[in-house]
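For reference, the structure discussed in these notes is given below.
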Amino acid sequence: MSINRNIRPSVNLHGPESTPAVSADSSRDAQIQGEELWTLSDLAAENLSRATRLLFEAPNNLPSNAGEHKGHCSTSASREGSNIVITLTDPGLLDCPICCEPLTVPVFQCDQNGHLACSLCCTKINNKCPFCSCPIGSNRCRAIEKIVESSTTRCKNIKYGCNIPVTYNTKNEHEKTCVCSPCSCPYLGCKFVSSAKELYQHFSNDHLDSAIGFLYDNFDLDYSFPITLTKNDSFLVVREMVSGTLFILHNRIVVLGNVVTVSCVQPSFMEDFNYDLLVSNKESSLKFQSLTKSTPSLQVNGSPSRSVLLIPCEFFDSCGQVKIDVSIRRIW
Ligand SMILES: [Zn+2]
Ligand SMILES: [Zn+2]
Ligand SMILES: [Zn+2]
Ligand SMILES: [Zn+2]
């Protein structure tokens, strides 16, 4: 790894009386174009100026990946109330140059040249800077720590409705469990993608007739509902009528019959549902109980499939159809 020391990002800092360099609208546009908007909540402009000088003007302090950005690194700043709004055209500047994860406190710099590393990487590299071989792991970089701790930004799912400001070092964690994580419409040919909540609304507005409606089973009352499955169906969409929550009954032909399983269209980290499937013919019946798998799209398989119900060929009638009694209930 080498560092391009010719790159000197420009920093435009504006005092309290300055005309804001970034309006609310233009900063949102900047995000859409791949830039990141940061709000520093508790750094005075003077501290910011000092900190950013340390970060951007000392060539030895440049993260190693700065060289990959072809001179486009720049920041601009403005004040909004007591906060300072900064646009980083290179969001990677606040990532550890070794593991590329967002920097979290403590941040270390090597003894002579100021190369940065997160604490995990210091251990992994045996406290020897990979860029200049100097010792690293005893000197903290307080300027970067202050910036990281006091910066807030927007979740990547802002376009799907997430407006929660997140601090830089918790952004990744938040996004892993963001309720606005995108889900795709299961209606064939429809390209709609949004948060689960907006998707359910969209489906109700545009494709209501294509889904089988049902109500959650509530243990006291049996709300099982019948589905007629044809051997060649690849999936059927079922929709809970109160919440609009969408479920998919997946169907696949195998040697001995068909295998069937149920998933819920929602971000993969969300809670599962219990479901029962009951199939019968004149002589026998099969009852299957399992947990739904959460999947944000029909195409995403995610974790290995949960157990499936094998419906033997003899359960299908002469038209290749079988009736399945389904019930789905919350487990929380
Ligand atoms: Zn690291
Ligand atoms: Zn170094
Ligand atoms: Zn979010
Ligand atoms: Zn759709």
To the nearest 0.5 angstrom, please state how far the [atom1] atom of [X] sits from the [atom2] atom of [Y].
{"X": "E271", "Y": "T292", "atom1": "CD", "atom2": "OG1", "answer": "10.0 Å"}
{"X": "K156", "Y": "C180", "atom1": "NZ", "atom2": "SG", "answer": "12.5 Å"}
{"X": "S224", "Y": "I227", "atom1": "OG", "atom2": "CD1", "answer": "10.5 Å"}
{"X": "S210", "Y": "L236", "atom1": "OG", "atom2": "CG", "answer": "10.5 Å"}
{"X": "Y160", "Y": "C178", "atom1": "OH", "atom2": "SG", "answer": "11.0 Å"}
{"X": "S181", "Y": "E175", "atom1": "OG", "atom2": "CD", "answer": "8.5 Å"}

Problem set entry | Exam field: side chain N281 to backbone E283, donor-acceptor pair closer than 3.5 Å |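 Looks like yes, one N/O pair under 3.5 Å.
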Exercise. Any donor and acceptor pair, going by atom type alone, linking the side chain of E145 with main-chain N or O of P106 inside 3.5 Å?
Worked result: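 The answer is no, because no donor-acceptor pair under 3.5 Å joins these two groups.
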Exercise. Per the ring-ring contact (aromatic ring centres under 6.0 Å, His included) rule, which among F203, F214, Y200 passes with F247?
Worked result: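 Among F203, F214, Y200, the one meeting ring-ring contact (aromatic ring centres under 6.0 Å, His included) with F247 is F214.
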Without hydrogens or angle criteria, can the side chains of [X] and [Y] be said to hold a donor-acceptor pair below 3.5 Å?
{"X": "E173", "Y": "T170", "answer": "no"}
{"X": "R252", "Y": "T261", "answer": "no"}
{"X": "N274", "Y": "Y216", "answer": "no"}
{"X": "Q266", "Y": "S294", "answer": "yes"}

Pairwise side-chain contact, [X] with [Y], heavy-atom cut-off 4.5 Å (strictly under):
{"X": "S138", "Y": "F108", "answer": "no"}
{"X": "I144", "Y": "L103", "answer": "yes"}
{"X": "P267", "Y": "P296", "answer": "no"}
{"X": "P102", "Y": "N172", "answer": "yes"}
{"X": "Q112", "Y": "C132", "answer": "no"}
{"X": "I248", "Y": "V237", "answer": "yes"}

If I compare all heavy atoms of [X] with all of [Y], which pair ends up nearest, and what's the gap?
{"X": "C121", "Y": "C96", "value": "SG-SG, 3.8 Å"}
{"X": "L116", "Y": "F131", "value": "O-CE1, 4.4 Å"}
{"X": "L215", "Y": "M241", "value": "CG-CE, 4.0 Å"}
{"X": "L229", "Y": "L249", "value": "CD1-CD2, 3.9 Å"}
{"X": "T245", "Y": "F273", "value": "CG2-CZ, 4.4 Å"}
{"X": "S184", "Y": "L199", "value": "O-CD2, 3.6 Å"}

Exercise. With respect to Y168, which candidate in D95, T104, T152 satisfies the side chain to side chain donor-acceptor pair (under 3.5 Å) definition?
Worked result: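 Passing option: D95.
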Exercise. Could you walk me through whether S243 and E240 pass the side chain to side chain donor-acceptor pair (under 3.5 Å) check?
Worked result: CA-CA 6 Å; S243 64; E240 207 277 329; 2.9 Å; yes
For this session: Answer yes when K231 and D233 have at least one side-chain N-carboxylate O distance shorter than 4.0 Å, and no when they do not.
Result: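 Answer for the salt bridge query: no.
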Exercise. Any Lys/Arg nitrogen of R330 or D217 sitting under 4.0 Å from an Asp/Glu carboxylate oxygen of the other?
Worked result: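 Looking at R330 and D217, the cut-off is not met.
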Exercise. Honestly curious: do V254 and V308 fall in one hydrophobic cluster under the side-chain, below-4.5 Å linking rule?
Worked result: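 Linked, V254 and V308 end up in one cluster.
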For this session: Is it possible for you to say whether L246 and L208 belong to one hydrophobic cluster, with membership spreading through side-chain heavy-atom contacts below 4.5 Å?
Result: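 In one cluster: no.
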For this session: Please lay out, stage by stage, how K323 and D317 fare under the test salt bridge (Lys or Arg N to Asp or Glu O under 4.0 Å).
Result: CA-CA 9 Å; K323 182 172 87 77; D317 63 20; over 6 Å; no
Problem set entry | Other cluster members, V105 - Ile/Leu/Val/Met/Phe/Trp/Tyr, side-chain contacts below 4.5 Å |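 Its cluster mates, by chain and number: none.
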Problem set entry | Centroid-centroid under 6.0 Å between F235 and H250 rings |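 For F235 and H250, the ring centres are not under 6.0 Å apart.
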Exercise. H202 vs F192 aromatic rings, parallel, tilted or perpendicular, using cut-offs 30° and 60°?
Worked result: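 H202 vs F192 ring planes: parallel.
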